[in-house]
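All remarks here apply to the structure that follows.
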Amino acid sequence: MATHAVVIDGLCKKFPSPNGRGEFTVIDSLSLQIACGSFASIVGPSGCGKSTLLNIIAGIEPRDAGEVRVQSQDGADSGARIGYVFQSPRLLNWLTVEDNIKFALEAQNIGRSSWNERVTKYLHMVGLAGQERNFPLKLSGGMQQRVAIARALAIEPDILLMDEPFSHLDEITARKMRVDLMQILEHARPTILFVTHSLREAVFLSEEVYMMSVKPARIFKHLRVDIPRPREPEDPRLFDLEKGLVKEFFAVLEQDFR
Amino acid sequence: MNRQTGLRWLSVLSFVAVWWLGSLVSSPEILPGPLVIGRTILTNFTTTTGPEEKSAAFHVAITLARILFSFSVAMILGIAVGLAIGLRRKVELAFGYLISLALTIPTLLAVFLCVIWFGFSEAGGLFAVILTVTPFVAVNMIAGAKALDKELIDMAHAFNARRGLLVRKVLVWQLMPYIFSAFRYAFGMTWKIVALAESFGLKYGIGYMFTFWFEQFNMAQVMAWVMLFVAIMLVIEHGVIARFEAKIFAWRPAHAV
Amino acid sequence: MKFFRPEAVPGFLSAIGLLLVWTGVSRFFLPTFLPSPLALLSQMFSIFSHAAAYLVIGKTLERVFAGLVLSMLLGSLIGLVMGLRRSVESFFDGWIMVLLTFPSICWAFLAVLWFGLSDIAPIFTIVLIVLPYVAMNIWEGAKAIDRELSDMATVFRAPRFLFLRKVLIPQLMPYIFSSLRISFALSWKIALVSEAFGASRGVGKELMYWFQGTRADMMLAWGASFMLLMVAIDALVLRPWENRVFSWRPAAV
């Protein structure tokens, strides 16, 4: 039984400079360990490399140095199922909602016999029961993002990666989605790695908060949020935590810019 | 009948009226009237006509067969070439200029050259058509290949989709609008060039017939054959193809079509 | 040194390769059937060392120019009115569709039967094919006019002429220009077809003459020269003009 779902050791990533000369280091010797079943947030300002980190874990971006190990719940090294919810829904607009989910199931080689059952179950879970035959462009932004969440959950992943999934939604929809996400995750508990630039969101949603600084990206603080679930969005303890974190962030940012 | 349809009928009727009046004023060698043309078309179908004593149906069939063949080949080649160039930058740098060059060559020159080089045969004529249409298809496919959404491809990779699944569910659909616009445009071009090729180098066919009558200065027959040709192509372009297109793109929001 | 971009290298190499292949293949054939690249070049030079060649090209250019200008003017007018008035649109849209379907050779024949071997035949042919195309383009442009800007002009009580000059026409410019360049490209090709069948003098007539003499080399020489001239006009006249008119736009990514 693996204790850590994600182990990152000394990760380095470079990108070519925009002006065409040389490279700059986006991620430098980053190390991180996420325990199985935990909900971890990575918080940092925009452009600090959080999305790149997720993309490397998901395998769509190559790394330059260091190790990334992703393990499934039962410890098998290869074959950890990874689900990914992007900032924009990234649905295939020419397929119906149910076909979009089935696309992910087919991609993951999941047996056809369970497809319909999973589609129904996870659409219900995200509050979109009955929307199977609709096309994505007929749905609102919030609904499209829920389909994306259902798609990621339907493969029953060991690890769920979420890259600022609510940042493109309006504030009211986003708030509702956060509360809904908490309820959804009562039923399914993969390990979650949630990237956000909002300290408030990180502190509300997760148990482990990792703070990331910029240029190059590295984790400079780790915080446990011990408030039991279900959590109230207006809980004063969350406010206090957030205040403390904001102070730390500013301190680090000032250091970086000196 | 709403206003728009009424205006369209008015448009057609006024054209026929002007035509008929014009035919009354001038002579049958210059502007035969609508009735004369109608009768000519009928006669062409019910009797054998022209230098080879074949009925109009025969010529129409031959022309359609040529169009179908060269159009299909041009689509397949054009898609292949277009994707090859659009998907790989190196290929584009090495050979992209040839497409621009091919697009500049006037069809008359292409038909003439192919007829001289390959003789007055089916091969020569059809080769000219394929040569001229393929670059147009390719250009559309190059635009389609460049417009492929990297985010969706990344999403498919993040979910570990195999190549076959990626191509089937993600890539092909994104290319469909481009394939379609290439289809429509290429079809329109193909039959015009087939008409040209039939005028010079091919035996039988609608183009062959109206060239024959042109050389005889038979205005009525020339107009009859031209109208027949245009009518058939209109039915195919706007009847058949448009319907097909509507079904494939049902997933798009209405105003984008 | 703009020419020595590394990107140009693969194209350059492939061009050299193809020219070599062409030269090799041409050895197997008569020079009148398939001239080598160098033979073709010298053929072109010899044609254009005589004044007569320039008169021929001039004649064709005249017709192209006339046909193009007429098509642009009439086509833009019709397209504009179609875009602004629904009734006009319904009246003409069927015709545009039909005219777009006509092969150029059909008009070429009809024009010769009606107008004989004069200048009118090629110009007529050009107009009948290019005008519907321009009309369709400008029609789409007129339909796409930004409603918000028109409303703004109304709120500021702009008189009709000012509205046309400063709000409407500038929005149509991209459509006018793109149809200008494509219409130019269409026009000269149609001119060739039309001249081949019924003109007293012109590049198309030359092509037809040499075709009947099975002189592929002369056809290539005339064809290539004319093509070069057309490309030059597009690159040296039309495109820079377009760039100047649109200099207010940020450079496309």
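Residue numbers start from 1 in every chain, and the chains themselves are labelled A, B, ... in the order their sequence lines are given, proteins ahead of strands. All figures in this text were calculated on a predicted structure; none of them were measured in a lab.
Chosen from C:G94, C:G204, C:S87, the residue pairing most often with chain B at heavy-atom distances under 4.5 Å is C:S87. Heavy-atom pairs under 4.5 Å with chain B peak, among C:A196, C:A224, C:A15, at C:A15. Among B:L31, B:V115, B:V12, B:T104, the residue making the largest number of heavy-atom pairs under 4.5 Å with chain C is B:T104. Between chain B and the residues C:M208, C:R215, C:E89, the largest count of heavy-atom pairs under 4.5 Å involves C:M208. Heavy-atom pairs under 4.5 Å with chain C peak, among B:L196, B:V91, B:V230, at B:V230. When the candidates B:T211, B:L98, B:T107, B:V222 are compared by the number of heavy-atom contacts under 4.5 Å with chain C, B:T211 comes out ahead.
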Could you go step by step and tell me if C:F197 and B:F200 meet the ring pair (Phe, Tyr, Trp, His ring centres under 6.0 Å) rule?
-> CA-CA 11 Å; C:F197 285 102; B:F200 295 111; 5.5 Å; yes
B:W225 and C:C106: side-chain contact (heavy atoms from CB on, under 4.5 Å), yes or no, with the steps?
-> CA-CA 9 Å; B:W225 281 97; C:C106 293; over 6 Å; no
Determine, stepwise, if the pair C:I105 / B:F210 fulfils side-chain contact (heavy atoms from CB on, under 4.5 Å).
-> CA-CA 10 Å; C:I105 187 154; B:F210 63 59; 4.1 Å; yes
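Shown here is B:W20, whose CH2 atom has no more than 12 heavy atoms of other residues, nucleotides or ligands within 6.0 Å. Atom CZ of C:F65 has 12 or fewer heavy atoms from other residues, nucleotides or ligands within 6.0 Å. The local environment of CZ in B:F217 is sparse, with at most 12 non-hydrogen atoms from other residues, nucleotides or ligands closer than 6.0 Å. Within a 6.0 Å radius of CZ in C:F48, more than 12 heavy atoms belonging to other residues, nucleotides or ligands are found. The environment of C:F115 atom CZ is dense: over 12 non-hydrogen atoms of other residues, nucleotides or ligands sit within 6.0 angstrom.
Aromatic ring centres of B:F212 and C:F109: separated by at least 6.0 Å. For B:F15 and C:W95, the ring centers sit closer than 6.0 Å to each other.
When all heavy atoms are compared, the tightest approach of C:S14 to B:A94 is OG-O, 2.6 Å. Nearest approach of B:L109 to C:G223, heavy atoms of both residues: CD2-CA, 4.0 Å. Here the closest non-hydrogen pair linking B:R8 and C:S90 is CG-O, 3.3 Å.
Side-chain atoms of B:W191 never come within 3.5 Å of backbone atoms of C:T101 as a donor-acceptor pair (strictly under, hydrogens ignored). Panel note: side chain B:S11, backbone C:F92; no donor-acceptor pair is recorded below 3.5 Å.
Residue contact with chain C, scored on non-hydrogen atoms closer than 4.5 Å, involves the side chain of B:Y97 exclusively. With a threshold of 4.5 angstrom between heavy atoms, C:D93 approaches chain B through side-chain atoms but not through N, CA, C or O. Contacts of B:E92 with chain C are absent, with no heavy-atom separation under 4.5 Å from either backbone or side chain. Heavy-atom distances place the backbone of C:L100, and not its side chain, under 4.5 Å from chain B. When heavy atoms are compared at a cutoff of 4.5 Å, C:L13 does not approach chain B at all. Proximity to chain B involves both the backbone and the side chain of C:V98, based on heavy atoms less than 4.5 angstrom apart.
A side-chain contact (heavy atoms from CB on, under 4.5 Å) with C:F211 is found for exactly one of B:L108, B:I116, B:V111, namely B:I116.
Rounding to the nearest 0.5 Å places CZ of C:F102 at 10.5 Å from NZ of B:K192. Here the CG atom belonging to C:L192 is positioned 9.5 Å from the CZ atom belonging to B:F112, to the nearest 0.5 angstrom.
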